[in-house]
A.B. asks: 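After the structure tokens below, expect a handful of questions from me.
All residue numbers in this chain count up from 1 along the given sequence.
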Amino acid sequence: MDSTSIKKVSINSEMQQAYLDYAMSVIVARALPDARDGLKPVQRRILYAMYDMGVRADGPHKKSARVVGEVLGKYHPHGDSAVYDAMARMAQDFSVRYMLVDGQGNFGSIDGDPPAAMRYTEVRLSNPAMEILKQLDMDTVDFTDNFDGTLEEPLILPSAIPNMLVNGATGIAVGMATNIPPHNLSEVVDALVMMLENWEKVEDITVEELMRYIKGPDFPTGALIIQDDNSDNLAQIYGAGNGLVQMRARVHLEEMSRGRNRIVVSELPYLVNKSSLIERIAELTRDGSLEGISDLRDESDRQGMRIVIDLAKTADPEKILTALYKRTSMHSTFGINILALVDGSPHKLT
């Protein structure tokens, strides 16, 4: 090698620049959603590839491996597991409020079971996804070259649905993260209608006025949001763009014979693993930390969730419930952090 072609650089400045380039790549091209369509690049590419292939809501399902191959070959320069994991999550009714992928086969469960391999499952676009892609061929959005410059892909999707608010987003970038809760579509649309009716003074509309319509997060697994004096109220959280929301399982008491009771859990806080929760309750009962439970079983089926906790005759249901909320994930928190890309750079949003 010619010694004149060797360039001396400072390792400090080179590491700083290289790490900064890597961090910006993760922030912009992988981890954070765009505020306009609420999608990360991999999700956008999956939906566009399925639309382009004709795997639409009114057509038959296609093998997942075929879609993953299309996305990898044409648009996404990363691994196949990243594409399939993102696609599977969009097909899970316990992960997203409004599924964007209509899946056929095993796409995992709230017990933490992983999806079946992509060669066994089939997918097509859901009806909400069709609304996000609608009018794509009517010059509504800009396109850019794909990774090798041979094809074009949309920079953004038209998104007739306010997807970032209704489905939320979770992502960990470098030095920052986003955690946007899902919301109810009807409530968000009512708020949008109010904004359109008051468009001349839209800048003056406050968070409190919007919350007349959007009451709070609407998690796909249900459960309750608890507001108390020790936590920020939702208006403060939405105004600041971050804060903690307290979630609690939905339970009810059922009377059994001989004066005994049972606690039935019908809804769990968002992102709580049902199997892990049952194991935790059983562990507390076995080691004597939680007294008064005589039996524990999972009776969940296609009709819904049903965790049954049989109590001893002398047990106080309120005391046991208090202990369960304190020592298990039947009471958990969701850390809201509304961070998204606006004009290509990350911004904290209200």
A.B. asks: Just by modelled atom types, is the R89 backbone N or O under 3.5 Å from a matching donor or acceptor in the S95 side chain?
C.D. replies: no

A.B. asks: Please round to the nearest 0.5 Å and tell me the distance separating atom CG of D190 and atom CG of L210.
C.D. replies: 11.5 Å

A.B. asks: Answer yes or no: is there a side-chain heavy-atom contact under 4.5 Å between I309 and L324?
C.D. replies: yes

A.B. asks: Is F143 atom CZ crowded by more than 12 heavy atoms from other residues, nucleotides or ligands, each under 6.0 Å away?
C.D. replies: yes

A.B. asks: Looking only at heavy atoms, what is the nearest atom pair of Y270 and F94, with distance?
C.D. replies: CE1-O, 3.6 Å

A.B. asks: With the side chain counted from C-beta on, respond yes when V83 and V42 share a heavy-atom pair under 4.5 Å apart, and no when they do not.
C.D. replies: yes

A.B. asks: Tell me if the CG atom of L151 is crowded by more than 12 foreign heavy atoms within 6.0 Å.
C.D. replies: yes

A.B. asks: Kindly compute the distance separating CE (M87) from CG (D80), expressed to the nearest 0.5 Å.
C.D. replies: 10.5 Å

A.B. asks: If a pair satisfies ring-ring contact (aromatic ring centres under 6.0 Å, His included) and one of its residues is in residues 169-208, list it, with sequence neighbours excluded.
C.D. replies: H183-Y238

A.B. asks: Is it the case that atom CD in E291 sees more than 12 heavy atoms from other parts of the structure closer than 6.0 Å?
C.D. replies: no

A.B. asks: Just do the side chain to side chain donor-acceptor pair (under 3.5 Å) check on N179 and T170 with the steps written out, would you?
C.D. replies: CA-CA 5 Å; N179 210 26; T170 301; 3.1 Å; yes

A.B. asks: Return the minimal non-hydrogen interatomic distance between P158 and L136, and the atom names on each side.
C.D. replies: CD-CD1, 3.5 Å

A.B. asks: Nearest 0.5 Å, please: how far is CG in L268 from NZ in K274?
C.D. replies: 8.0 Å

A.B. asks: Please check this pair: side chain of T206 against backbone of E209, looking for a donor-acceptor N/O pair closer than 3.5 Å.
C.D. replies: yes

A.B. asks: Which heavy atom of I27 sits nearest to which heavy atom of A173, and what is that distance?
C.D. replies: CG1-CB, 3.7 Å

A.B. asks: With sequence neighbours left out, write down each residue that passes side chain to side chain donor-acceptor pair (under 3.5 Å) with N12, or none if nothing qualifies.
C.D. replies: none

A.B. asks: Within a strict 4.5 Å, meaning less than it, do heavy atoms of the M176 and L32 side chains meet?
C.D. replies: yes

A.B. asks: Decide yes or no on side chain to side chain contact (heavy atoms under 4.5 Å, CB included) for I110 and M305, but give the supporting numbers first.
C.D. replies: CA-CA 10 Å; I110 198 169; M305 183 181 299; 3.7 Å; yes

A.B. asks: Using atom types as modelled and distance alone, determine if a side-chain donor or acceptor of N167 lies under 3.5 Å from a backbone N or O of N163.
C.D. replies: no

A.B. asks: Could you tell me which non-hydrogen atom of D287 sits nearest to which non-hydrogen atom of L284, and how far apart they are?
C.D. replies: OD1-O, 2.8 Å

A.B. asks: Which is it for V272 and M247 under the side chain to side chain contact (heavy atoms under 4.5 Å, CB included) test, yes or no, and what are the steps along the way?
C.D. replies: CA-CA 10 Å; V272 167; M247 303 178 294; 5.9 Å; no

A.B. asks: Checking side chain to side chain contact (heavy atoms under 4.5 Å, CB included) for the pair L100/L39: CA distance, chi angles, key distance, verdict?
C.D. replies: CA-CA 11 Å; L100 301 182; L39 297 170; 4.1 Å; yes

A.B. asks: Could you state the interatomic distance from CZ (R124) to CE (M53), rounded to the nearest 0.5 Å?
C.D. replies: 14.5 Å

A.B. asks: If you apply the rule side chain to side chain contact (heavy atoms under 4.5 Å, CB included), what do you find for R56 with L133, and how did you get there?
C.D. replies: CA-CA 10 Å; R56 304 183 184 182; L133 290 151; over 6 Å; no

A.B. asks: For F107, is there any backbone N or O sitting under 3.5 Å from a side-chain donor or acceptor partner on Q92?
C.D. replies: yes

A.B. asks: Side chains of Y98 and N184: closer than 4.5 Å at any heavy-atom pair?
C.D. replies: yes

A.B. asks: So E187 and D218, do their side chains get closer than 4.5 Å, heavy atoms only?
C.D. replies: no

A.B. asks: Could you tell me whether E153 and R45 have a side-chain N and a carboxylate O separated by less than 4.0 Å?
C.D. replies: yes

A.B. asks: So, E131 side chain and P128 main chain: donor-acceptor pair closer than 3.5 Å or not?
C.D. replies: no

A.B. asks: Are I338 and L341 grouped together when hydrophobic residues (ILVMFWY) are joined by side-chain heavy atoms under 4.5 angstrom apart?
C.D. replies: no

A.B. asks: Around atom CE of M256, are there more than 12 heavy atoms of other residues, nucleotides or ligands at under 6.0 Å?
C.D. replies: yes

A.B. asks: Are L125 and Y51 packed together at the side-chain level, in the sense that at least one heavy-atom pair is separated by less than 4.5 angstrom?
C.D. replies: yes

A.B. asks: Cluster question for you: counting only ILVMFWY and a side-chain heavy-atom cut-off of under 4.5 Å, with indirect links fine, are V308 and I320 together?
C.D. replies: no

A.B. asks: Looking at E283 and R280, is there a salt bridge between them, counting it only when a charged N and a carboxylate O are closer than 4.0 Å?
C.D. replies: yes

A.B. asks: Distance-only, no hydrogens or angles: does the D37 side chain make a donor-acceptor pair with backbone N or O of I156 under 3.5 Å?
C.D. replies: no

A.B. asks: Can you find a side-chain donor-acceptor pair between Q17 and D21 that sits under 3.5 Å?
C.D. replies: yes

A.B. asks: Is the backbone N or O of I307 less than 3.5 Å from a side-chain atom of D298, with the two atoms forming a donor-acceptor pair by type?
C.D. replies: no

A.B. asks: Can you hop from I336 to L165 via hydrophobic side chains spaced under 4.5 Å?
C.D. replies: no

A.B. asks: Report, as yes or no, whether the 6.0 Å neighbourhood of atom OH on Y19 holds more than 12 heavy atoms from other residues, nucleotides or ligands.
C.D. replies: no

A.B. asks: Take atom CD of E208 as the centre, draw a 6.0 Å sphere, and report whether it contains more than 12 heavy atoms from other residues, nucleotides or ligands.
C.D. replies: yes

A.B. asks: How many angstroms lie between CD1 in I237 and CD in Q227, if you round to the nearest 0.5 Å?
C.D. replies: 6.5 Å

A.B. asks: Nearest heavy-atom pair of G344 and V28: which atoms, and what distance?
C.D. replies: O-CG2, 3.6 Å

A.B. asks: Would a single hydrophobic cluster contain both F219 and M330, if residues Ile, Leu, Val, Met, Phe, Trp and Tyr are joined by side-chain heavy-atom contacts under 4.5 Å?
C.D. replies: no

A.B. asks: Is R260 salt-bridged to D310, cutoff N-O under 4.0 Å?
C.D. replies: no

A.B. asks: Using the rule that two of Ile, Leu, Val, Met, Phe, Trp, Tyr join whenever any of their side-chain heavy atoms come within less than 4.5 Å, decide whether I225 and V251 are in one cluster.
C.D. replies: no

A.B. asks: CD/E70 to CD1/I46 distance, rounded to the nearest 0.5 angstrom?
C.D. replies: 12.5 Å

A.B. asks: Should the heavy atoms of other residues, nucleotides or ligands under 6.0 Å from CG of L196 be counted, would the total exceed 12?
C.D. replies: yes

A.B. asks: Does the side chain of R44 come within less than 4.5 Å of D34's, by heavy atoms?
C.D. replies: yes

A.B. asks: Can you tell whether the side chains of E254 and R306 come within less than 4.0 Å, N to carboxylate O?
C.D. replies: yes

A.B. asks: Would you check if V193 and Y213 make a side-chain contact, meaning some heavy-atom pair closer than 4.5 Å?
C.D. replies: no

A.B. asks: Determine yes or no for a side-chain-to-main-chain donor-acceptor pair under 3.5 angstrom, with N337 supplying the side chain and A177 the backbone.
C.D. replies: yes

A.B. asks: Around atom NZ of K313, are there more than 12 heavy atoms from other residues, nucleotides or ligands closer than 6.0 Å?
C.D. replies: no

A.B. asks: Please check this pair: side chain of S126 against backbone of M99, looking for a donor-acceptor N/O pair closer than 3.5 Å.
C.D. replies: yes

A.B. asks: If you compare all heavy atoms of H78 against all heavy atoms of R30, which two are closest, and at what distance to 0.1 Å?
C.D. replies: ND1-NH2, 3.6 Å

